[in-house]
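What follows is one structure encoded as structure tokens, with my remarks underneath.
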Amino acid sequence: MKTLSKLLCAVASLAITATAVAQNNPLEYPFADQHSRNDIIIPKINGLNVYKADFHLHTIYSDGDVTPEMRVIEAWRDGLDIIAITDHMEYRRIERSMYRYMKDYIREDLRGLPKAVNTNVLKADPDSLGLLVDFNVPHELAVNKAKDYGIHVIRGVEITRASLGDYNALFTTDNNKIYDPNLEQTIRNARAQGAFIIHNHPSYSKQTENTITPFTNDLYAKGLIDGVEVFNGKWKWQRLFSHCINGGYTPFSNSDAHDYISWKYEAPASAGGAVRFRNMTLVLAKKLNDKHIHDALKKGNTIAYSNNNLVGKRELLQALFKASVEFELQRTGSKQHSITVINRSSLPYYFQIGRNKYILEGLGSLYIKRPKGESEVKVTILNMWHGNDINPTVMVKFK
């Protein structure tokens, strides 16, 4: 009996050991269904939460290469809180291919038409029956997927005319009731739904001085533009920072992604230097819902982030730096202060004190020395901008 008992104990021990080995053996893929999020930590500013957003994204329902559902997954993985699917109304490259495949399934009364769906009104007028596609579908698909990830999806659409510019309409209620052959009327139709209008990538001539066309200037004069995309992907419109901030237009930084985000932005490990996140617009709002986000955009409570640069109102930039960075006095020697500079946010800050320049990595620290007689210093934040060539400054006391 004792022999049998010992044998059973040995078998049980082997089973437990085998299970442990299997669970710790990478070849067994015990983590196959694990998904990781790259959280971006930013302290509250003036009592408001800081939400990370991308308000300019394309999918297979216009000229993008991924699904609306994938845009949600990418946003969650990259640490975002808000996205807007802004597929083109006038150019739907992949949907055109879908139509060719599905043409035998189109209603019989439409089959005899030369073209039942106009997928490129940039080059041809709409058909007599209008644009026979459902512009709300990509938003609805993204919203359904976002329920699994806690991402907030805003309804949007991009309005495009080749020589007259591109404009995102956010917070629309029905994208099927917006299009008009006249661009200004299309924008007015979106405005009638309460839409917030962004002037996208303000100049197509990305290698030259940034310009705004007379047509777009007229839209500004008529009060039809609410925000400016000062960063779009890797492009920046530095000559328009002052136009945006001084003019009272809300600054945005968006990816304008058509293919996979991972293809558009290098992984941090291969980018070199400080971590660089994807383009995002930091939204200062009380709650994560349409009303509070819309109110924040209307008030200009955003900061545009791209490649470790930040553009926004001076007071918001100053508040972000003060909420993120602490100067702790460690020791006072006979001639110098020993100070630790601590970054409580994921964003890096490049700053200057006197003639000395520093790089403070996200969630990192610096050790610096200052003359004993100083109790506070003037800090110029070199990677923040509230005008074309204007960096904000803050006075910092040593604690």
Quick one: side-chain contact (heavy atoms from CB on, under 4.5 Å) partners of [X], sequence neighbours excluded?
| X | result |
| --- | --- |
| H139 | V143, V153, R155 |
| A53 | F55, I82, V283 |
| L48 | L284, K286, N301 |
| E374 | R370, P371, V377, F398 |

Ring centroid separation for [X] and [Y], is it under 6.0 angstrom?
| X | Y | value |
| --- | --- | --- |
| Y358 | F351 | yes |
| H56 | H58 | yes |
| H243 | Y220 | yes |

Residues E74 and R77 bridged, charged N to O under 4.0 Å: no
D39 bridged to K52 by N-O distance under 4.0 Å: no
Ring pair (Phe, Tyr, Trp, His ring centres under 6.0 Å) pairs, two or more places apart, involving residues 359-382: none
Set of side chain to side chain donor-acceptor pair (under 3.5 Å) partners for S324, sequence neighbours left out: Y349
Residue list, side chain to side chain donor-acceptor pair (under 3.5 Å) with S255, at least two apart or on another chain: D54
Applying salt bridge (charged side-chain N to carboxylate O under 4.0 Å, His left out), can you list everything that pairs with [X], at least two apart in sequence or on another chain?
| X | value |
| --- | --- |
| E326 | R344 |
| D78 | R278 |
| K234 | none |
| K222 | E184, D218 |

Single-linkage hydrophobic cluster I40~L360, side-chain heavy atoms < 4.5 angstrom: yes
Scan the side chains in residues 309-316 for donor-acceptor partners under 3.5 Å anywhere in the protein, sequence neighbours excluded, and list what turns up.
unit_1: N309; atom_1: OD1; unit_2: W385; atom_2: NE1; d: 3.4
unit_1: N309; atom_1: ND2; unit_2: S306; atom_2: O; d: 3.4
unit_1: N309; atom_1: ND2; unit_2: N307; atom_2: O; d: 3.3
unit_1: K313; atom_1: NZ; unit_2: K299; atom_2: O; d: 2.8

